[in-house]
Amino acid sequence: MKKVLIGAYSQIPAGSPPAVLERALASVFKPMLTYLHNNNSAVLQLYLSSFLMEWLENNHPEVNMLICDLARMGRVELLTGSYNQSVLSLLSPKDRANQIELNTTLIRKRYAQRSKTLWCYAQYFNPIYINTLSLCCIDRVLISTHDAIRNEEYLEEPFQMHELGKSVQIVPTNSTVGSLVRQFSLSEISFSQLVSKLKNLLHGYSSSYCAAMVNVDQLCQGGITGEQTEELFKMLCSFEPSSIEEINSPNEPIRKGYLEAGLYGHDCQIGDLSCFNDLFVKDESLTYLYGRITSLLDSARNYKKDKDVRKRLELLLQKISQGGPYVCDANASMLRSSVRKLVWRYINEADSVLFAIPDHTYPVSTDYDLDDLDEYLTIGKNISSVVDAKGGSLSELTYLPSLFNYGDTFAPLPGFGTSQCMHPPVAGAKQRIFTDVFFPTHIPVSEYDKRDETTCLDMGRAAYDLSVLDRRNTEYLVQAVCEKNSILSSSLFIEKHFKFRQNTVLLEVTLTNRGDAQVDCMYGCEMPLSISSKKQTTSFSVMEDHKLIAYEEAEVVVGNVKSFKIFDEPNNTMITLVADTRFTLLKEDYTIDYKTTLAEEQLYQHTLYLLVWPLSLSPGEEQRHTLGLRLERK
């Protein structure tokens with residue numbers, strides 16, 4: 001007799017907008033759970049992120065009560081996972097076990113059910129999990145065995161997997177089911193085709209076992225309605241799904257197998273990655289973020305004194321470990337600025353806690369992004385920042401009263417959404433604040449494109465010499481030499497002096513012609529900032545003729561500017577940039593087009609502010625510019 005498992009899972013990460021949760025609830029969860037309550041024969045495997053469970057508890061307790069009733073009747077079997085949607089292989093063994101235990105405890109307290117089946121976030125699996133699962137009394141892992149990168153299928157029936165003397169049962173989900181749901185989410189097939197194909201698949205499946213796990217987030221991405229959800233699960237439940245405890249035949253030995261480390265199923269975009277960890281080789285921003293987290297973990301775990309401080313730090317470290325920024329799925333977790341901002345908020349809060357501890361030395365120089373160049377962390381009363389030798393720039397800029405990192409700029413790798421912007425950054429490159437660019441005078445500012453090396457010299461990835469000028473780590477000097485090239489007709493020496501004050505970052509730039517020829521080109525200082533806004537586009541204001549003129553366009557060039565203001569309304573923060581010499585300003589919002597669970601969205605990443613001056617230097621001559629960037633509560 002064929003045994004069928006039917007299940008649904010949602011992987012909505014912390015930091016997602018409320019509209020994402022409301023959409024999933026109205027379109028899928030309410031009609032699905034209501035149908036289950038009225039159908040006495042069905043058993044559903046259900047995985048919910050802890051973020052979703054807690055949101056239901058606070059906003060829709062009646063839904064949590066319904067899940068609890070279904071769990072008590074044995075109609076819903078909840079799957080556990082990592083509490084903060086962590087990618088478990090990125091954590092230490094102790095933290096892995098803690099994440100699973102926290103999630104299992106949450107399920108037991110909320111729904112009175114002890115889960116013994118693990119669901120891996122983003123369906124990323126690694127054999128190193130098995131020892132942790134043994135410690136956490138987890139008997140099985142429910143996961144697709146379709147290798148998303150190799151596009152290969154492994155065993156389709158349950159098997160026992162052994163690793164270092166420990167074992168766990170791998171329960172494969174049906175790859176074709178996942179593929180059909182993915183096709184529906186991308187509008188490649190209609191809903192009626194989805195139901196028909198799933199029905200034919202389950203009817204004609206020759207194996208004695210089939211697990212049909214449905215990605216709720218992809219159903220929402222495909223535009224499913226409540227009525228369609230009821231129709232879908234009515235069809236699925238007509239196959240009389242059984243409990244996961246009943247999948248093994250008592251008279252048949254369980255076969256053995258081995259599932260390699262990898263990304264499985266059809267949940268995530270993978271671009272041209274060769275494996276999951278390849279992300280930290282190709283994407284500089286995510287490499288930096290992960291390095292920042294691991295460095296913070298080491299520093300926090302070395303502190304042993306005050307029990308209350310350690311408890312607060314452990315809570316923050318637990319929240320920092322969420323995997324949303326590293327996964328691009330139907331929720332566009334990687335591309336949602338709000339998901340990354342939440343992680344950065346916890347990082348900066350933990351920084352502040354460690355920095356304020358008396359008699360505790362918090363390291364200020366660390367190679368976060370593993371480029372063999374140390375970055376320098378400076379924390380003041382209202383501003384914290386990281387000075388980076390790469391580009392002679394700032395990798396972070398956080399306003400501490402709001403814990404908002406304006407330096408959280410992001411340019412995803414190819415294959416993770418598309419952009420229609422006119423001045424896009426280099427894909428996968430970290431965008432730093434106050435980097436230097438040079439381009440010919442005949443190129444209009446409106447045609448600026450730093451990806452074109454023939455028309456733009458981008459110093460953002462060049463290594464500058466970095467020196468700390470004072471004991472309080474508030475002043476830094478960075479220097480670099482640009483040799484003669486197709487854009488610079490002579491050798492140019494760049495010197496930048498950073499000064500950090502209570503609410504202000506001061507930057508003094510000196511450009512000196514050290515060659516024998518005249519230098520004539522345009523000099524630009526890039527200032528990409530991630531601004532929080534309630535509107536589709538960010539705005540700024542310029543003082544013209546004693547009047548404050550607002551610019552609302554997504555892309556605009558303004559000439560003869562001395563200063564401009566940006567109002568971050570959600571954080572109630574005013575950002576002001578003042579220069580001692582007038583400049584031409586190019587402003588453009590950088591967004592990524594991506595189909596999410598809500599619809600086709602333009603997901604904001606950051607805004608480029610490019611300050612441009614003409615550069616004309618005779619041999620031995622120098623040009624100076626002084627900039628002041630001020631952040632303050634309005």
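Residue indices begin at 1 and follow the sequence shown. No hydrogens, no waters, no symmetry mates; every other heavy atom, side chains included, goes into these values.
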Student: Considering only heavy atoms from C-beta outward, does the side chain of M459 approach that of T435 to under 4.5 Å?
Tutor: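 With C-beta onward as the side chain, the pair stays apart.
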
Student: With the threshold set at 4.0 Å, does a side-chain nitrogen-carboxylate oxygen contact exist between D449 and R451?
Tutor: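 Here D449 pairs with R451 in a salt bridge, since their nearest N and O are under 4.0 Å apart.
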
Student: Side chains of Y129 and E163: do they bring a donor and an acceptor to under 3.5 Å?
Tutor: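 Per modelled atom types, Y129 and E163 side chains form no pair under 3.5 Å.
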
Student: Look at K304 together with D306 and state whether they make a salt bridge at an N to O cut-off of under 4.0 Å.
Tutor: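 Answer for the salt bridge query: no.
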
Student: Compare every heavy atom of L377 with every heavy atom of Y368, then report the nearest pair and how far apart it is.
Tutor: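 So the two residues come closest at OH-CB, 3.9 Å.
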
Student: Using only heavy-atom distances, determine whether the side chains of Q518 and S616 contain a donor-acceptor pair under 3.5 Å.
Tutor: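 Yes - a donor-acceptor pair under 3.5 Å links their side chains.
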
Student: For a quick check under 3.5 Å, do Q322 and Y121 share a side-chain donor-acceptor pair by atom type?
Tutor: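 Short answer, no.
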
Student: Where does the angle between the aromatic ring planes of Y523 and F438 fall among parallel (under 30°), tilted (30 to 60°) and perpendicular (over 60°)?
Tutor: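 Tilted: the ring planes of Y523 and F438 meet at 30° to 60°.
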
Student: Could you report the tightest heavy-atom contact between L511 and L617, atom names first, then the distance?
Tutor: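 Closest approach of L511 to L617: O-CD1, 3.6 Å.
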
Student: For N84 and S321, does a side-chain donor sit closer than 3.5 Å to a side-chain acceptor?
Tutor: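 No, S321 and N84 have no side-chain donor paired with an acceptor closer than 3.5 Å.
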
Student: Look at the aromatic rings of F276 and F280 and report parallel, tilted or perpendicular, splitting at 30° and 60°.
Tutor: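 Because their plane-to-plane angle is over 60°, the rings of F276 and F280 count as perpendicular.
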
Student: Under 4.0 Å between a side-chain nitrogen and a carboxylate oxygen: does that hold for K319 and E349?
Tutor: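 Judged by the 4.0 Å cut-off on N to carboxylate O distance, K319 and E349 do not form a salt bridge.
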
Student: Kindly write out the residues that satisfy side-chain hydrogen bond (donor to acceptor under 3.5 Å, both in side chains) with D372, not counting sequence neighbours, or none if the list is empty.
Tutor: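 For D372, no residue satisfies side-chain hydrogen bond (donor to acceptor under 3.5 Å, both in side chains) once neighbours in sequence are set aside.
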
Student: Hydrogens and angles aside, do Y362 and D351 bring a side-chain donor and acceptor to less than 3.5 Å of each other?
Tutor: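 Their side chains do contain a donor-acceptor pair, which is all the 3.5 Å distance test asks for.
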
Student: Under a 4.0 Å N-O cut-off, is there an ion pair linking K430 with D371?
Tutor: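 Salt bridge flag = no for D371 with K430.
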
Student: Do D589 and T538 have side-chain N/O donor and acceptor atoms under 3.5 Å apart?
Tutor: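 Yes, side-chain donor-acceptor contact under 3.5 Å.
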
Student: Do E526 and Y448 get their side chains close enough for a donor-acceptor pair, meaning under 3.5 Å?
Tutor: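 Yes, side-chain donor-acceptor contact under 3.5 Å.
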
Student: With no hydrogens and no angle check, just 3.5 Å: does a side-chain donor-acceptor pair link S395 and E375?
Tutor: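 No, no side-chain donor-acceptor contact under 3.5 Å.
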
Student: Whether the S532 and K341 side chains hold a donor-acceptor pair (N or O, under 3.5 Å, no angle test) is what I'd like checked.
Tutor: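 Looking only at side-chain atoms, K341 and S532 do not form any donor-acceptor pair under 3.5 Å.
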
Student: Checking D436 against Y464: is there a side-chain donor and acceptor pair closer than 3.5 Å?
Tutor: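 Their side chains do contain a donor-acceptor pair, which is all the 3.5 Å distance test asks for.
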
Student: Before accepting this row, confirm whether a basic side-chain N of the pair R301/E314 lies closer than 4.0 Å to the acidic partner's carboxylate O.
Tutor: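 A salt bridge links R301 with E314.
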
Student: State whether E475 and R501 are salt-bridged, where the test is any N-O pair (Lys NZ or Arg NE/NH1/NH2 against Asp/Glu carboxylate O) under 4.0 Å.
Tutor: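 Judged by the 4.0 Å cut-off on N to carboxylate O distance, E475 and R501 do form a salt bridge.
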
Student: Is the closest basic N to carboxylate O distance between D408 and R292 below 4.0 Å?
Tutor: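 Here D408 does not pair with R292 in a salt bridge, since their nearest N and O are not under 4.0 Å apart.
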
Student: Is it true that Y399 and Y406 have ring centroids separated by less than 6.0 Å?
Tutor: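 Between Y406 and Y399, which both carry aromatic rings, the centre distance is not below 6.0 Å.
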
